[in-house]
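The structure under discussion appears below in the form of structure tokens.
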Amino acid sequence: QVQLVESGGGLVQAGSSLRLSCQATTDIFRVNSIGWYRQTPGKERELVATITISHATNYASSVKGRFAISRDKTKSTVYLQMNSLTPEDTGVYHCNGVSFRTGQPSPLYSWGRGTQVTVSS
């Protein structure tokens, strides 16, 4: 069973940057698109960034131009560089494999614990 481990979150001030990391117990990154999701209280989990096997990226409009997703094959790690953070970016960030078979992105594996990002104003 694949286990996902996210890290790198923290408490920062608005305008700051953070880099999140995603690792897995098995090497899912070579065969799957990977996405970063954001969960905020009272809202559905939102897919904010994806990266394909060929390194094509896509972003939610709320983070485009501020966030950058990347993957390091040698370390079997996917990153989310977050710049110019705002309080609206506060939430628990999760990574997961992403399937597009139905036309809509859907997560492939059980969710990890995520990493908390809190941005103060």
Side-chain angles (χ1 to χ4, degrees):
Q1 184 175 356
V2 174
Q3 291 184 325
L4 299 161
V5 180
E6 302 92 347
S7 62
L11 171 61
V12 297
Q13 290 187 332
S16 299
S17 299
L18 283 173
R19 189 176 79 157
L20 307 183
S21 299
C22 169
Q23 293 184 304
T25 52
T26 58
D27 190 5
I28 65 172
F29 304 116
R30 292 187 299 110
V31 297
N32 292 304
S33 296
I34 303 297
W36 278 98
Y37 295 77
R38 175 167 67 198
Q39 177 77 65
T40 55
K43 295 184 179 180
E44 291 187 3
R45 189 178 279 121
E46 173 190 17
L47 179 61
V48 298
T50 57
I51 186 166
T52 68
I53 298 171
S54 58
H55 294 245
T57 59
N58 195 38
Y59 299 93
S61 57
S62 59
V63 307
K64 190 173 292 185
R66 300 186 299 119
F67 289 13
I69 187 171
S70 61
R71 58 199 304 163
D72 183 335
K73 291 182 180 179
T74 62
K75 297 181 180 179
S76 296
T77 303
V78 171
Y79 302 100
L80 184 67
Q81 178 67 43
M82 306 188 298
N83 300 323
S84 301
L85 286 163
T86 73
E88 288 69 35
D89 295 317
T90 294
V92 179
Y93 285 72
H94 299 264
C95 64
N96 210 319
V98 180
S99 171
F100 295 93
R101 292 180 182 178
T102 64
Q104 294 295 322
S106 57
L108 286 170
Y109 307 108
S110 298
W111 296 103
R113 297 181 63 180
T115 186
Q116 175 71 46
V117 172
T118 303
V119 185
S120 62
S121 58

Could you check whether [Y] and [X], counting side-chain N and O atoms only, form a donor-acceptor pair closer than 3.5 Å?
{"X": "Glu88", "Y": "Thr86", "value": "yes"}
{"X": "Gln23", "Y": "Ser21", "value": "no"}
{"X": "Ser120", "Y": "Gln13", "value": "no"}

Say you draw a straight line from [atom1] of [X] to [atom2] of [Y]; how long is it, rounded to the nearest 0.5 Å?
{"X": "Ile51", "Y": "Cys95", "atom1": "CD1", "atom2": "SG", "result": "12.5 Å"}
{"X": "His94", "Y": "Arg38", "atom1": "NE2", "atom2": "CZ", "result": "12.0 Å"}
{"X": "Glu6", "Y": "Leu80", "atom1": "CD", "atom2": "CG", "result": "11.5 Å"}
{"X": "Asn32", "Y": "Thr52", "atom1": "CG", "atom2": "OG1", "result": "11.5 Å"}

Restricting to non-hydrogen atoms, name the atom on [X] and the atom on [Y] that form the minimum distance, rounded to 0.1 Å.
{"X": "Tyr59", "Y": "Lys64", "result": "O-CE, 3.8 Å"}
{"X": "Phe100", "Y": "Pro105", "result": "CE2-CB, 3.6 Å"}
{"X": "Gly8", "Y": "Thr115", "result": "N-OG1, 3.8 Å"}
{"X": "Thr50", "Y": "Ile69", "result": "O-CG2, 3.5 Å"}

For Ile28, which of Val78, Ile34, Asn96 qualifies under side-chain contact (heavy atoms from CB on, under 4.5 Å)?
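Among the candidates, only Ile34 passes.
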Quick one: which of Thr26, Val98, Leu4 gives a side-chain contact (heavy atoms from CB on, under 4.5 Å) with Tyr109?
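Testing Tyr109 for a side-chain contact (heavy atoms from CB on, under 4.5 Å) against Thr26, Val98, Leu4 leaves exactly one candidate, Leu4.
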Just by distance, do the side chain of Thr25 and the backbone of Gln3 share a donor-acceptor pair under 3.5 Å?
yes
Output, in order, the C-alpha distance, side-chain angles, deciding distance and verdict of side-chain contact (heavy atoms from CB on, under 4.5 Å) for Thr40 and Thr90.
CA-CA 7 Å; Thr40 55; Thr90 294; 5.8 Å; no
With under 30° as parallel and over 60° as perpendicular, where do the rings of Tyr93 and Phe67 fit, or are they tilted in between?
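The rings of Tyr93 and Phe67 sit tilted, inter-plane angle from 30° to 60°.
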